[in-house]
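First the structure, in the form of C-alpha cells, and then the observations on it.
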Amino acid sequence: MNELEERWRSYWEERGIFRYDPSRGREETFVVDTPPPTVSGVLHIGHCYSFTQTDLMVRYRRMQGDNIFYPMGWDDNGLPTERRVQNMFNVRCDPSLPYEGDDLELARGAEGDAKPISRRKFILLCDTVIAEDERAFKTLFQRLALSCDWDQTYTTINDRSRFVSQLSFLHLIEKGEAELRDAPTMWDIDFQSAIAQAEVEDRQKEGAFYKVRFGLEGGDSVVIATTRPELIPACIALAAHPDDDRYKSLIGATAVTPLFAASVPIVADEGADPEKGTGILMICTFGDAADVEWWRELGVPAREIIGRDGRIKPAPWGRGQWESNDPERAAQQHAKLVGLTVNQARREIVAALEAESLIEGEPEKVRRPVKFYEKGDRPLEFVVTRQWFVKILDKKEVLLQQGRKVAWHPHSMSKRYEDWVEGLNQDWCVSRQRYFGVPIPVWYRLRADGTTDHAELILPRKEDLPVDPSAEPPRGFRPEQRGEPGGFVGDPDIFDTWGTSALTPLIPSGWPDDEKRHQALYPGDLRPQAHDIIRTWAFYTITRSYLEDGSIPWKNAAISGFILDPDRKKMSKSKGNVVVPTATLDEFGSDAVRYWAASGRLGWDAAWDPKVLKDGKRLTTKLVNAARLVYGYQGDPGEVASPLDRALIGRLRATIARVTERWDAWEHQNALALTETWFWSDFCDNYLELSKGRAYAADASAIATLRTAMDAVLRLFAPIVPYMTEEIWQSVAGKPDSIHVARWPTAEELPATEDDGCFDAAVAVLTQVRRAKSRAQVSMRFPVELLRVSGPESQLGSLKLVIDDVLDTGNIANYELVADGGAEALTAETHLGQPDAQ
RNA sequence: GGGCGGUUAGCUCAGCGGUAGAGCACUGCGCUUACAACGCAGGGGUCGGCGGUUCGAACCCGUCACCGCCCACCA
C-alpha cells in the first residue's frame, strides 16, 4: 500500500468514519448483507470488482446521510476449508480416532499418504488456516477501501453463526418444515455426502445406448434402450408412452429381465418419449431422478445395487426378498459384479449380455447430460440414505411471490430466481456427511435393544446452543450413555453450508434476543452477490426468511457480473488465467482499481482489460492537478456573477441532478461517465482555460465558481476514488472533515443559475480558434490579430456576454461580430498576428 | 428443448423515438503560467440481416442469423 493510501486508511479507521451507529433507527439506516467470501486461500480480481461495486453504493448512501451497517463476514464453514487443510497438511479426517492433543505439530506439505487425524484436530487445523486467510483478506479489502465497519465482522463457523443456524433449524423442526427422511438422495461417491439440487450441474458426457432384449412372460420379447445396462439387476419395471402403438398391447404385461430373470411389470407413462431409444425404457432403483419418481408411483420395493462408495453391493436374490424366476442364476450373476465400480459393472454386464446375444446391433454413441456435484469428479448416484430435508416443493408459489417483493438490479436477474423456483423438483437436503460445519443439533434415542429410534428426537434447549451432539450428551443424559441401549446417539452430520449462509441477515442482527438491534437491522436494504449463486444463496436466504417469519430478507438484490479473461473465458486456477489483485493494486493503485470496477455495470460479465485501469489513474492525476490550480488561485470568493460562471454552475447543477438519478437507478457506471464527462470537458478543457484570465486577476466571481464547482465534483467522485478525493479535500482544499461524511452535492446548494447558451457560444468560438492555430502549426498562445464571428443574432448576443474571457484565452487582439440571419451556428474567422516579441 | 441477455468506429462500451457518441488505438500539431504518465486538432461507423409502425427508428413491433449465460428426468 502506498503512503497516501496508508495515511488515509489509518485516518478513517482512527476516526471511525465507517462505524455503524446503533442509536439511529431503521429508517435512517442502510443495511448491507455482505457476501461472506469463501476463505479458500486466494482472492482474485473478480472479488475486487464485485466488492467495490457494493462499496460504491454504500459510500453514495453514506453521503446521502444514511447510517451504514456494512459488516464483513468470512465464510469459513464447509468443504473448501476442509479441502485446503487436507492439501496443506496432507491429512485426512478420521472421526473414529481419539483427539491427539493440542501439541501435535503438523508439517505443511508432508510427503506420502495422507495422515489420518481426529475430527477435533482436523477442525483445529481448519481454524488455524482460516485465521491466516482472514487476515490476508482483511488487508486486501482495507486496501481497496471497502468502507466496512470491521467491528461487525462475523464468521460462518463462529459460536454466533452456529447458534443462529441451529436455532433456526429447531424452529423448522417445530413447524414441521424440516424432517428426517430415509429416501433416495443424490449422493457424491467421492465426497461421501448427500448433495442438494442447487449444487448439481449437468455435464455433457459421451455414452452409448445399448439395445437390450427383455423376455416377456408368454415367450415373446421386447427391446429396450439404455445407457446404463449395469442397472439391469436393479430394474423394477418397464415403461412406454400410453399412445405408442408399438407398445400399447404390452401395457399391463410382465417382462422378464435378462440375466437376472426378474419379473417386472410393463407400465404406461407419459414421461416415456417414443422418440428416444426404442421408445420403451427400464425403470431402475435408481438411475436418475425420474426413476425415483417412478419408483414412488409404483410402490414396489427398491432393488438398490449401488453402495455409497459407488460400487455394486451384494444383493439378496431369492430367499423371499428379491424376486427372480431363477434366483440361483441371478445370485451367481450378481456375485460377479459385487465390488465393481459402475463402469466395471457395465462392461461385465455387456459382456454377459453379448455372450447370450441379448444386445441388438451396435451400441449407439450419444452425448447426454450427466449430473455431477458441482465440485465433484464422478457422476452422482441416487442412494437411499437418512437425511434431513427442508420442505420447499410445497412452497413454490409463495417463494415466487417473495422473490417479487425484492427489487433485483438489474431486473432481468429476477428471472433467474423465478426459473429456479419453478424448476424445483426436490426438497432441500440440508444434511451433509462432512466434518467442518455446523452440527445438526439433534440426538436420537436408543431402544432397549440398542438400535436407534430415529422417530425419538432429543432436541437441545435454546439456552444450550450451539451444541455438538457428537461430543456432548443431551440434557438429562450422562456421556457414558452414548451408544448404550436405552441411551442416546448424536446426529453425526453437519448442515449444508448454505444452511448457515442463508441466515447471514440474521447473524449480525442480534436475532432473536436483541430485539432492538434486530428491528434496526432487519430486513436489510441490500444483498450484493454474483449471478452464479442466485439459485443457492439468494434462493435459500429468501426461503429461510420466509420460513422463519414470513419476511423477505432484504429490499434490493444487486447482482454483480464475473470478470472473464481477455478471451472471455472464466478465470480459473487450472487454466492459469487468474489475475491476482495485489500486483494490480501495486501497479495502478486502489483508486484506479475502483474506477475500473465502477465502469462495469451490475449483472454484466466483463473481460479483463487493464486499459481501463490506466484511465482511472489518469483521472486521479487530472483531479489533483486541477485541484492544485483551483485552490492555488489567490483571492477571495464573491458572488457567482459573471455570465460564464453562472453558465458553468448551471451546467453543474444539471449534471448533479442527472448523476444522482443514475446512482438511484443503481447505474454507477453511468453516474461515473456523466461525472467524468462534465469534469473533463466542461470543467477542465473549457472552463479552466476560459476562466484563467480572471482567476489570475483574483476576480471574486471566478474564484467562487472554481471552488464551488471543485467542491461539488470532488464529492461526486468520492464514492469511486476515495483516496484521491480525500487527499484533495483535506490536503489541497483544506477542509476540516472527511469527504466521505460530507453531504452529497445537490443542485439546491449551488447558486440558482442556469446555462443560458453563453458557455456553448464561448466553446464554439474557442474551438475554431484552436483549430486555426493547430492548422497553422502554432502554439495555443499564439496571438490573434482579428477574430471575426458571424452567426445568428441570439448566439452573437450570448457570445458578447463572455467575449472578454474568449479574447483572453485565445490571446486575441481585436474582434468583429457580424449578424447573419440565415446561419444556424457561429462561424469564426481567425486572422493570426505576429509572434509575440520576447 | 425452454428462458434471459447481447450484436453501435480496429478494441471496450454509452446512447434506447428527433441530424451517430466516449475512452483506448490511429494521424497531425503543440513543452500555452494545473497537467508531456499532458493538451489541442483530426481521420474512422449504411448502429447484425430482412420486413413493419411513424412526419421521423440505433432506439418501438415482427422475423431470421450469430454470440454469451441460465435452466431442463442421465432411459
Side-chain angles (χ1 to χ4, degrees), chain A residues 201-205 207 209-210 212 224-229 231 235 238-240 269 271-273 276-284 287-294 366-372 379-382 410 412-420 422-423 425 531-532 534-535 561-562 564 566 568 570 599-601 603-607 609 611-612 614-615 617-619 621-633 667 669-670 672-674 676-677 680-681 684-685 688-689 692 696 766-782 809-811:
Chain A
E201 65 182 27
D202 284 356
R203 294 181 199 163
Q204 293 295 324
K205 288 286 168 186
F209 256 137
Y210 296 90
V212 181
I224 61 110
T226 180
T227 55
R228 300 197 62 179
L231 290 175
C235 177
L238 300 187
D269 194 283
D273 182 355
K276 252 188 189 170
T278 58
I280 184 163
L281 61 98
M282 65 172 183
I283 300 173
C284 306
D288 58 32
D291 280 342
V292 176
E293 236 168 81
W294 276 319
V366 286
R367 272 184 81 78
R368 81 272 189 242
V370 179
K371 292 206 175 307
F372 283 76
L380 291 173
E381 296 294 347
F382 280 82
S412 59
M413 286 297 170
S414 68
K415 188 77 174 118
R416 288 216 192 164
Y417 173 84
E418 297 196 355
D419 284 352
W420 177 254
E422 280 165 2
N425 57 32
H531 50 61
D532 59 329
I534 289 175
R535 72 184 197 174
F562 285 156
L564 310 172
R568 301 202 85 87
K570 236 181 184 171
S599 68
R601 72 204 241 184
W604 287 52
D605 295 349
D609 181 9
K611 274 189 292 195
V612 182
K614 284 192 192 166
D615 293 345
K617 209 169 174 183
R618 214 168 61 102
L619 172 68
T621 305
K622 189 81 173 175
L623 269 171
V624 74
N625 282 324
R628 281 183 187 139
L629 176 70
V630 167
Y631 297 111
Y633 284 129
E667 293 176 16
Q669 80 287 355
N670 284 332
L672 168 60
L674 287 170
E676 206 180 1
T677 300
W680 213 284
S681 173
C684 291
D685 290 349
L688 285 186
E689 296 305 325
K692 267 180 189 169
Y696 277 112
L766 183 60
T767 299
Q768 292 178 70
V769 171
R770 283 167 170 167
R771 186 181 302 147
K773 291 181 179 179
S774 182
R775 289 201 175 137
Q777 304 189 6
V778 298
S779 101
M780 290 299 136
R781 284 303 296 169
F782 197 91
T809 307
N811 197 12

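Excluded from the calculations below are hydrogen atoms, water molecules and symmetry mates; all remaining heavy atoms, backbone and side chain alike, are included.
- Ionic pairing of A/Glu201 and A/Arg535 is not present here: no N-O contact between side-chain nitrogen and carboxylate oxygen is shorter than 4.0 angstrom.
- Of the candidates B/rA41, B/rA14, B/rC24, B/rA14 carries the atom nearest the A/Arg601 side chain, counting heavy atoms from C-beta on.
- If you take CG on A/Asp288 and CZ on A/Arg228, they are separated by 8.5 Å, rounding to the nearest 0.5 Å.
- As a whole-Å value, the separation of A/Asp532 CG from B/rC69 C1' is 11 Å.
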### Trace of the side chain to side chain contact (heavy atoms under 4.5 Å, CB included) decision for A/Val778 with A/Lys773
CA-CA 5 Å; A/Val778 298; A/Lys773 291 181 179 179; 3.7 Å; yes

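- Nucleotides B/rU46 and B/rG52 place their P atoms 23 Å apart, quoted to the nearest Å.
- Closest to the side chain of A/Arg781, out of B/rA41, B/rC35, B/rU33, is B/rU33.
- Here B/rC73 is the nucleotide among B/rC73, B/rG42, B/rC4 with the atom lying nearest to any side-chain atom of A/Ala290.
- For the pair A/Gln669 CD and B/rU12 P, the interatomic distance rounds to 17 Å; values are reported in whole Å.
- One P atom belongs to B/rC24, the other to B/rC64, and the distance between them is 41 Å to the nearest Å.
- As rounded to the nearest Å, B/rG5 and B/rG10 have C1' atoms that lie 25 Å from one another.
- Using C1' as the reference atom, B/rG15 and B/rA20 are 10 Å apart when rounded to the nearest Å.
- Using a 4.0 Å heavy-atom cutoff across all strands shown, A/Gly277 reaches no nucleic acid atom at all.
- Residue A/Arg618 places its side chain closer to B/rC24 than to any other of B/rA41, B/rC24, B/rC70.
- At a threshold of 4.0 angstrom between heavy atoms, the contacts of A/Cys684 include nucleobase atoms, whether or not backbone atoms are also involved.
- If you take CD of A/Glu676 and P of B/rG21, they are 19 Å apart, rounded to a whole angstrom.
- When the side-chain nitrogen and oxygen atoms of A/Arg775 are compared with OP1 and OP2 of B/rC29, none of them lie within a distance under 4.0 Å.
- Among the nucleotides B/rC74, B/rA41, B/rA37, the one closest to the side chain of A/Arg771 is B/rA41.
- Rounded to an integer number of Å, the gap from CZ of A/Arg228 to P of B/rC74 is 13 Å.
- For A/Met780, the listed nucleotide lying nearest its side chain is B/rU32; candidates were B/rU32, B/rG3, B/rC74.
- The side chain of A/Lys611 lies closest to B/rC11 when the candidates are B/rC4, B/rC11, B/rC35.
- Here B/rC4 is the nucleotide among B/rA41, B/rC4, B/rC71 with the atom lying nearest to any side-chain atom of A/Lys415.
- If A/Ala626 and A/Leu564 are placed on RNA chain B by their nearest nucleotide, the residue sitting closer to the 5' end is A/Ala626.
- How far CG of A/Asp532 is from CZ of A/Arg416: 9.0 Å, rounded to the nearest 0.5 Å.
- If you take atom P in B/rA37 and the same atom in B/rA25, they sit 13 Å apart, rounded to whole Å.
- Among the protein residues, A/Ser779 comes within range of the sugar-phosphate backbone only, with heavy atoms under 4.0 Å from sugar or phosphate atoms but none that close to a base.
- One C1' atom belongs to B/rC40, the other to B/rC31, and the distance between them is 13 Å to the nearest Å.
- Rounded to whole angstrom, the span from the CZ atom of A/Arg367 across to the P atom of B/rA72 amounts to 18 Å.
- At whole-Å resolution of the value, CG in A/Asp609 and C1' in B/rG23 are 10 Å apart.
- Side-chain proximity of A/Arg416 to the nucleotides B/rC29, B/rC74, B/rC69 is greatest for B/rC69.
- Side-chain N/O atoms of A/Ser774 and base N/O atoms of B/rG30 include no donor-acceptor pair closer than 3.5 Å.
- Across all strands, A/Ala776 comes closer than 4.0 Å to no nucleic acid atom at all (heavy-atom distances).
- Side-chain to base pairing of A/Lys622 with B/rC35: one donor and one acceptor N or O lie within less than 3.5 Å of each other.
- Nearer to the 5' terminus of RNA chain B, by closest-nucleotide assignment, is the contact made by A/Asp605 (compared with the other of A/Leu766 and A/Asp605).
- Using atom C1' as the reference point in both B/rA22 and B/rC47, the two lie 15 Å apart (nearest Å).
- Contact annotation: A/Asn425 reaches the phosphate of B/rC73 (side-chain N/O to OP1 or OP2, under 4.0 Å).
- Residue-level contact check: A/Glu422 touches neither bases nor backbone, having no heavy atom under 4.0 Å from any strand.
- With rounding to the nearest 0.5 Å, the separation of CZ in A/Arg618 from CH2 in A/Trp680 is 4.0 Å.
- Here the rule is ring pair (Phe, Tyr, Trp, His ring centres under 6.0 Å) with A/His531, and of A/Phe562, A/Trp420, A/Tyr417 only A/Phe562 fits it.
- Atom P of B/rC61 sits at a distance of 32 Å from the matching atom of B/rC73, rounded to the whole Å.
- Residue contacts shown for A/Asp288 include a base, since a base heavy atom lies under 4.0 Å away.
- At B/rC73, one or more side-chain N or O atoms of A/Lys371 fall inside 4.0 Å of OP1 or OP2 (strictly under the cut-off).
- For A/Trp604 and B/rG68, the shortest distance from a side-chain N or O to OP1 or OP2 is not below 4.0 Å.
- Inter-residue side-chain proximity for A/Glu689 and A/Arg770 is flagged as met; some heavy-atom pair is nearer than 4.5 Å.
- Of the candidates B/rC4, B/rG30, B/rG15, B/rG15 carries the atom nearest the A/Asn670 side chain, counting heavy atoms from C-beta on.
- In this structure, A/Glu201 atom CD and B/rC74 atom P are separated by 16 Å, rounded to whole Å.
- In this structure, A/Phe209 CZ and A/Thr226 OG1 are separated by 8.0 Å, a value rounded to the nearest 0.5 Å.
- What separates CH2 of A/Trp420 from P of B/rC69 is a distance of 18 Å, to the nearest Å.
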